[in-house]
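These notes concern the structure reproduced below.
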Amino acid sequence: TTLLYTIKFEEINVNWDDMRSTISGIIGLSFSFSVGVLLLSLGCALYSNWWPAFVLVFYILSPIPYALARRYSETSYSGANCGLEVALFLTSLLVISAYGLVLVLAHHQTIERGALWLLIGADTVIFSTILAYFIIFNEDDDF
């Protein structure tokens with residue numbers, strides 16, 4: 001019965017270079033996202049004003065249209081794909097709205113200028129992280 005439970009390791013083909021690059025990509029993305037959340041938290045906590053935390057809604061919603069369009073698209077970037085273009089438009093709209101919310105709060109003097117710069121930095125870092133995620137993990141699903 002012990003022969004039934006043995007595994008032949010010669011038959012398992014693991015591409016260790018791809019696995020290392022994937023793990024290093026995940027570590028880099030998590031560090032970058034942590035820096036963005038730190039900037040957001042500092043922008044809110046240092047100035048005792050938590051209104052800018054509403055940009056978290058935009059952070060959550062912004063990757064959804066593109067992820068859905070990429071999942072259900074029939075073609076790649078080679079041809080015209082109306083669904084993908086609408087998803088890119090909606091994603092761009094959400095990203096610009098996140099910056100716009102922070103700028104409107106600063107213009108209305110709800111937040112101070114220091115918080116404004118911390119929050120613009122947080123927006124830039126987190127949206128760059130989301131973009132990097134889609135660039136790094138651009139593999140098609142085989143479902």
Side-chain angles (χ1 to χ4, degrees), residues 4-143:
L4 295 175
Y5 297 112
T6 58
I7 298 174
K8 295 181 181 179
F9 289 106
E10 295 86 25
E11 294 178 7
I12 299 173
N13 294 324
V14 176
N15 192 347
W16 294 105
D17 292 332
D18 287 342
M19 188 178 292
R20 271 189 231 120
S21 66
T22 302
I23 291 173
S24 64
I26 291 171
I27 291 171
L29 289 173
S30 63
F31 178 74
S32 176
F33 185 76
S34 299
V35 169
V37 171
L38 175 69
L39 288 172
L40 175 67
S41 300
L42 286 175
C44 293
L46 288 178
Y47 297 97
S48 300
N49 189 352
W50 293 93
W51 283 107
F54 281 109
V55 297
L56 288 171
V57 173
F58 295 110
Y59 296 160
I60 293 168
L61 293 178
S62 64
I64 292 174
Y66 181 70
L68 289 176
R70 195 175 78 173
R71 175 77 174 120
Y72 294 111
S73 68
E74 297 173 0
T75 60
S76 62
Y77 290 110
S78 61
N81 190 352
C82 182
L84 186 62
E85 291 177 6
V86 168
L88 288 173
F89 174 75
L90 292 175
T91 301
S92 302
L93 183 72
L94 290 168
V95 170
I96 291 170
S97 297
Y99 283 102
L101 175 65
V102 174
L103 291 171
V104 166
L105 288 174
H107 180 71
H108 193 279
Q109 297 177 352
T110 305
I111 61 173
E112 297 180 24
R113 296 290 176 192
L116 169 72
W117 293 111
L118 284 169
L119 294 167
I120 287 177
D123 285 350
T124 304
V125 169
I126 289 179
F127 287 130
S128 298
T129 303
I130 293 170
L131 176 66
Y133 171 79
F134 284 114
I135 291 173
I136 291 172
F137 300 106
N138 194 18
E139 299 171 0
D140 292 330
D141 295 333
D142 293 333
F143 295 115

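Because the structure is a prediction, the values reported are computed rather than measured. Sequential numbering from 1 along the given sequence is applied to the chain's residues.
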- request: Evaluate the side chain to side chain contact (heavy atoms under 4.5 Å, CB included) criterion for residues Phe33 and Val37: first the C-alpha distance (whole Å), next the side-chain angles of each, then the deciding distance (0.1 Å), finally the verdict.
  value: CA-CA 6 Å; Phe33 185 76; Val37 171; 3.6 Å; yes
- line: Closest non-hydrogen atoms of Trp50 and Ser41, given as atom of the first, atom of the second and distance, are CH2-O, 4.4 Å
- prompt: What distance do Phe89 atom CZ and Cys82 atom SG have between them, rounded to the nearest 0.5 Å?
  reply: 12.0 Å
message: Pair Val35, Phe31 - check side chain to side chain contact (heavy atoms under 4.5 Å, CB included), show working.
response: CA-CA 6 Å; Val35 169; Phe31 178 74; 3.9 Å; yes
Pairs of donor and acceptor atoms involving the side chains of residues 115-135, under 3.5 Å and at least two apart or interchain, shall be tabulated with distances.
{"from": "Asp123", "atom 1": "OD1", "to": "Tyr59", "atom 2": "OH", "distance (Å)": "2.4"}
{"from": "Thr124", "atom 1": "OG1", "to": "Tyr99", "atom 2": "OH", "distance (Å)": "2.9"}
{"from": "Thr124", "atom 1": "OG1", "to": "Ile120", "atom 2": "O", "distance (Å)": "2.8"}
{"from": "Ser128", "atom 1": "OG", "to": "Thr124", "atom 2": "O", "distance (Å)": "2.6"}
{"from": "Thr129", "atom 1": "OG1", "to": "Ser32", "atom 2": "OG", "distance (Å)": "2.5"}
{"from": "Thr129", "atom 1": "OG1", "to": "Val125", "atom 2": "O", "distance (Å)": "2.8"}

statement: Between Leu94 and Leu61, the two heavy atoms sitting closest are CD1-O, 3.4 Å
query: Is there a side-chain contact between Phe58 and Val95 (heavy atoms, below 4.5 Å)?
result: no
query: What's the spacing between Thr22 OG1 and Ile26 CD1 if we round to 0.5 Å?
result: 6.5 Å
- prompt: Which heavy atom in Ile111 sits nearest to a heavy atom in Pro52, and how many Å separate them?
  reply: CG2-CG, 3.4 Å
field: Reported OG1-to-CG distance for the pair Thr91 and Leu84, which is rounded to 0.5 angstrom
entry: 9.0 Å
- line: For Ala69 and Ala87 the tightest heavy-atom approach is CB-CB, 3.3 Å
- request: State, to 0.1 Å, how close Ala98 and Val55 come at their nearest heavy-atom pair, and which atoms those are.
  value: O-CG1, 3.9 Å
task: Take Ser97 and Leu101 through the side chain to side chain contact (heavy atoms under 4.5 Å, CB included) test and state the conclusion after the steps.
output: CA-CA 6 Å; Ser97 297; Leu101 175 65; over 6 Å; no
